[in-house]
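Here is the structure we will look at, set down as structure tokens.
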Amino acid sequence: LLWWNGGTLVAQEFDPATFKLSGEPHPLAEQVALHQLVPKMKVAVSANGYLLYDTSALRRQLQWFDPSGKALGPAGELNDVGMFRLSPDGRRVALVAGSLNAGNAVWVVDENGLASRVTSQQTLFNSPVWSPDGQNMVVTIRSPESSLFRMDPNGSGDSVRLTQSPNAQFATDWSRDGRTILFWEAEPVNRIDLWVLPVTPQGAPDLAKPRPYLRTPSIEAWGRFSPEASPRWVAYQSNESGRVEIYIRAFPEPGRPFRISPGGGSFPAWGPDGRELYYETLDNKLVAVSLKFGAGSVKVSDPRELFALPPSASGSGAPPFDISPDGRRFLVRVETRNDPGLTLVTNWPALIKRGSAR
């Protein structure tokens, strides 16, 4: 059994019949890269003795692009950027920066690129989402379960717990009227489902408790409210067809689904007027579709390709882009890598006796 431990790849003998480890862990390689957004080491191992691992360092920053894909410049200088979200007025970005092994922090970057740290403790934060007035944020904190907390984007005051669950939770949106937070929760039985949390416009928990919005055997995630004052629709991604596609359903009651993507898609985001929906295709293109709503129906245009997302911007398990409030710019997470650091080891089981692969 191989696993990552603080940058070191280690292996220990494992008996699949008894499900027991034996002997001591043995280091195989040092400075092995870990994906910063999802708990996944950059290692591949084969049954015939080959081991491939990555030691290259990444810089993950935010860049502005226009609808044609022309780069317009960076949004601040922070590295190791994970999940992020533009403020409702488009003048600030809330983001998490850091790593899974050392912890991360919540930051706010203003329109001039000046970064202010919101959280002082070094823990695991995820999925910052702005309140509609920009005065509050809801953030996922692993403590150790992933629960939702409200905090001041200026870093003042204490964070306020909004939910408590043994399951992982990730906030994805806050309705324009300020009264509902949308999040997804991973459950052992129903996998991943969409939930809503009633709150006051100031972000205080309402008398009502969280309730499921969409609960099926499929995976539903990354829901976004349509931009009306009182949202009428929720866009989300689901694998109910056998692959990940974009759907929309009515809100507050889900009704029947309308599939938006014809050939796979993820990470939906609404245009400013609610008549367009943007998402990422399976081949990492940013596309837009026009929507025409009728009585109990939705007409969807053919996808219009805007531009190819930069290498490594996607595939992270988290939204790689966001849209400015005027719809004229896109904020994209871009990864740059130093010299390639792939190492191939042959007959890696022999390293358990000899030592590491350095």
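None of the values given here were measured: they were computed from a predicted structure.
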More than 12 foreign heavy atoms under 6.0 Å from CG of D158: is that the case here?
-> no

Might you confirm whether atom CD of E77 has over 12 heavy atoms from other residues, nucleotides or ligands at distances under 6.0 Å?
-> no

Is the closest side-chain heavy-atom distance between E220 and P254 below 4.5 Å?
-> no

Do other residues, nucleotides or ligands put more than 12 heavy atoms under 6.0 Å from the CZ atom of R91?
-> no

Exceeds 12 heavy-atom contacts within 6.0 angstrom, atom CG of D302 | no

Please state whether the rings of F225 and F251 are parallel, tilted or perpendicular, taking 30° and 60° as the class boundaries.
-> perpendicular

Look at the rings of W184 and W222 and say which category their plane angle falls in: under 30° parallel, 30 to 60° tilted, over 60° perpendicular.
-> perpendicular

Please confirm whether R329 makes a cation-pi placement over W64, using NZ or CZ under 6.0 Å from the six-membered ring centre and within 45° of the ring normal.
-> yes

Please say whether more than 12 non-hydrogen atoms of neighbouring residues, nucleotides or ligands are located less than 6.0 Å from CD in E240.
-> yes

Test: D177 and R179 ion pair at under 4.0 Å | no

Any chain of hydrophobic side-chain contacts (each under 4.5 Å) joining Y53 to V10?
-> no

Are the charged groups of E245 and R243 less than 4.0 angstrom apart, N to O?
-> yes

Is it the case that S230 and E228 place a side-chain donor and acceptor less than 3.5 Å from each other?
-> no

Taking only Lys NZ, Arg NE, NH1 and NH2, and the carboxylate oxygens of Asp or Glu, determine whether E187 and R215 approach each other closer than 4.0 Å.
-> yes

Do the charged groups of R92 and D110 touch, with an N to O distance under 4.0 Å?
-> no

Does one side chain, of R161 or S147, offer a donor that lies under 3.5 Å from an acceptor on the other?
-> yes

Heavy-atom closest pair (P310 atom, V334 atom, distance to 0.1 Å) is CG-CG2, 3.9 Å

Do NZ/NE/NH1/NH2 and the carboxylate oxygens of E13 and K20 come within less than 4.0 Å?
-> no

Salt bridge present between D133 and R176 (N-O < 4.0 angstrom) | no

F14, CZ: over 12 other non-hydrogen atoms inside 6.0 angstrom = yes

Could you walk me through whether R275 and L291 pass the side-chain contact (heavy atoms from CB on, under 4.5 Å) test, one step at a time?
-> CA-CA 5 Å; R275 297 176 183 174; L291 306 176; 5.6 Å; no

